[in-house]
Every structure is written in structure tokens, then in C-alpha cells.
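To start, the structure under review is shown below, and the notes come after it.
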Amino acid sequence: MKITILCVGKIKEKYFKDGITEYQKRLSKYCNLEILEVADEKTPDDASKLEVEKIKEKEAQRLQKYIKKESYVITLEIEGKMISSEQLAEKIDNLGIFGNSHIIFIIGGSLGLHHSITEQSDYKLSFSKFTFPHQMMRMILLEQIYRSYRIIMKEPYHK
């Protein structure tokens with residue numbers, strides 16, 4: 001299984017980079033993982049709705065280059081479906097069983113995802129009604145993917 005984490009923005013904080021590196025290492029025995037970053041746009045503090053929409057559209061154009069039609073796309077959205085770790089594991093496992101060999105998880109920037117990206121989503125996933133920094137969300141997502149593989153393989157970790 002190939003899993004791509006497609007993200008808007010770079011990770012600047014060393015503690016996030018270290019955590020992400022650790023989960024990349026752990027996941028290497030379960031899947032082919034790649035993390036792709038596209039540049040985020042600077043957002044003025046007093047951005048109008050039109051400016052916000054244009055910023056999200058620019059970020060969407062960058063993301064679009066990496067979305068493959070044959071891939072199963074999961075977007076991370078506050079309004080998406082909240083599921084348990086076991087349900088995510090089951091979803092990943094079933095996708096592999098039914099021939100989807102590439103999953104793309106998409107994490108938007110600080111303003112979220114443009115509708116042109118969410119419309120392509122096969123599954124809209126929410127981790128919470130809370131808003132998380134997208135840098136932190138990347139590490140949380142990687143941990144949950146790792147937890148999913150441990151559940152699938154019936155290995156200790158998930159408690």
C-alpha cells in the first residue's frame with residue numbers, strides 16, 4: 001500500500017519534525033509512505049472573504065498537481081466524519097483488500113481546503129470539532145495511520 005500525505009505548508013518546529021520522522025520510520029515496515037508539501041500563501045490579518053477564497057484557490061492549484069485519479073482521496077475537514085481508530089484501521093485495510101493501492105490524505109493550510117479539492121474527496125475525515133494547527137495535524141495523522149497498521153496486524157500498541 002502506498003500512502004501519501006499531501007500538505008499545505010512546511011514544518012518549521014523541530015519537535016514536530018522529530019515526531020514526524022519517528023512515525024515515518026515506524027510506518028516504513030507497513031507501507032510505502034511519502035509526504036508532499038506545497039507552499040502556503042501568506043494571509044493578511046484582515047483578509048476579506050474574496051482574498052481568503054483566492055488564497056485557498058492558489059493552494060488548491062498546487063495540491064492538484066499531486067492528486068492522481070486512480071488514488072483514493074481522504075481530505076481532513078472539520079465537517080468530515082468522525083470515526084474511531086479501529087474504524088480507520090478497517091477503512092485502510094478494506095481499501096487495500098478491494099484494490100485501492102494508493103491512499104492520499106490531504107491536509108489544508110490555515111484557511112482550510114478549497115472546494116475544488118474537497119469535491120474530489122472520496123472520504124471526508126474529521127479528527128475533532130477542534131481546530132488544530134496543520135503542522136500538528138500531520139503528526140497526529142501519522143500516529144493514527146501507524147496505530148491503524150498495528151491494529152490491522154494485531155500487534156501490541158493500541159490500547
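Sequence positions, counted from 1, serve as the residue numbers for this chain.
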Exercise for the section: First locate atom CG of L36, then atom NZ of K65, and finally report the distance between them rounded to the nearest 0.5 Å. Expected result: 12.5 Å
Handout entry: Short side-chain to backbone donor-acceptor contact, E155 and I151, under 3.5 Å
Key = no
Practice task
Could you tell me whether the side chain of I103 reaches within less than 4.5 Å of the side chain of T4, counting heavy atoms only?
Solution key: no
Problem - Side chain to side chain, F132 and I107, heavy atoms closer than 4.5 Å - result: no
Practice task
Assess the side chains of Y146 and K25: does a donor N or O sit below 3.5 Å from an acceptor N or O?
Solution key: no
Fill in the blank from the handout: For I152 and A89, the nearest pair of non-hydrogen atoms, with its separation, is CD1-O, 3.4 Å
Fill in the blank from the handout: Minimal heavy-atom distance between C7 and I35, with the atoms involved, is SG-CG2, 4.3 Å
Problem - Working for side chain to side chain donor-acceptor pair (under 3.5 Å), residues S116 and Q64 - result: CA-CA 9 Å; S116 65; Q64 194 61 52; 5.2 Å; no
Practice task
Check whether any side-chain heavy atom of M82 lies under 4.5 Å from a side-chain heavy atom of K129, and answer yes or no.
Solution key: yes
Practice task
Determine yes or no for a side-chain-to-main-chain donor-acceptor pair under 3.5 angstrom, with D122 supplying the side chain and V73 the backbone.
Solution key: yes
Exercise for the section: Give a yes or no on this: more than 12 heavy atoms of other residues, nucleotides or ligands lie within 6.0 Å of atom NZ of K91. Expected result: yes
Handout entry: salt_bridge(K17, E13) N-O dist < 4.0 Å
Key = no
Problem - Shared hydrophobic cluster, V8 / I117 (ILVMFWY, side-chain heavy atoms < 4.5 Å) - result: yes
Handout entry: Over-ring placement of K81 relative to Y123, 6.0 Å and 45° cut-offs
Key = no
Handout entry: Test item: side-chain donor near acceptor, Y30 and R150, under 3.5 Å
Key = yes
Practice task
Please determine if K2 and E34 form a salt bridge, counting it only when a charged side-chain N lies under 4.0 Å from a carboxylate O.
Solution key: yes
Practice task
Please check if atom CD in E90 has more than 12 non-hydrogen atoms from other residues, nucleotides or ligands closer than 6.0 Å.
Solution key: no
Exercise for the section: Please round to the nearest 0.5 Å and tell me the distance separating atom CD of E41 and atom CD of E59. Expected result: 6.0 Å
Practice task
In plain terms, say whether E57 and R62 are close enough for a salt bridge, that is, a side-chain N and a carboxylate O under 4.0 Å apart.
Solution key: no
Problem - Q135 side chain vs K12 backbone, donor-acceptor pair below 3.5 Å - result: no
Fill in the blank from the handout: Between the CZ atom in R26 and the CZ atom in R147, the distance rounded to the nearest 0.5 Å is 10.0 Å
Problem - Pairwise distance CD1(I106) to OG(S121) - rounded to 0.5 angstrom - result: 7.0 Å
Handout entry: Which residues share a side chain to side chain contact (heavy atoms under 4.5 Å, CB included) with K56, sequence neighbours left out
Key = V52, E53, L111, H114
Problem - ILVMFWY network linking I11 to V38, side-chain heavy atoms under 4.5 angstrom - result: no
Practice task
List the atom of I55, the atom of K42, and the distance in Å for their closest heavy-atom pair.
Solution key: CD1-O, 3.6 Å
Practice task
Would you give the length of the straight line joining atom CZ of R138 to atom CD1 of I140, rounded to the nearest 0.5 angstrom?
Solution key: 12.5 Å
Exercise for the section: Determine whether M137 and L76 make a side-chain contact, defined as any pair of heavy atoms from C-beta on separated by less than 4.5 Å. Expected result: yes
Problem - Expected output: side-chain S126 to main-chain I78 donor-acceptor under 3.5 Å - result: yes
Handout entry: Beyond-backbone contact of L125 with E77, side-chain heavy atoms, under 4.5 angstrom
Key = no
Handout entry: Side-chain touch L141/F127, heavy atoms, less than 4.5 angstrom
Key = yes
Exercise for the section: Return the set of residues passing side-chain hydrogen bond (donor to acceptor under 3.5 Å, both in side chains) with S128 (not counting sequence neighbours), or none when no residue passes. Expected result: none
Problem - L6 reachable from L142 in the ILVMFWY side-chain graph, under 4.5 Å edges - result: no
Practice task
In sequence, state the C-alpha distance, the side-chain angles, and the governing distance for Y149 and I3, and then conclude on side-chain contact (heavy atoms from CB on, under 4.5 Å).
Solution key: CA-CA 12 Å; Y149 275 106; I3 294 184; 3.7 Å; yes
Problem - Close side-chain approach of I104 and Y66, heavy atoms under 4.5 Å - result: no
Practice task
Treat each ILVMFWY residue as a node, draw an edge where side-chain heavy atoms are under 4.5 Å apart, and state whether L88 and F130 are in one component.
Solution key: yes
Fill in the blank from the handout: Note: G108 and L113 closest approach over all heavy atoms is CA-CD2, 3.4 Å
Handout entry: Side-chain touch F105/I145, heavy atoms, less than 4.5 angstrom
Key = yes
Completion exercise
Shortest non-hydrogen pair, M139 vs G19, comes out as SD-CA, 3.4 Å
Problem - Any donor-acceptor N/O pair, E51 side chain to S48 backbone, under 3.5 Å - result: yes
Problem - Approximate separation, where rounding is to 0.5 Å, of D40 CG and H134 NE2 - result: 5.5 Å
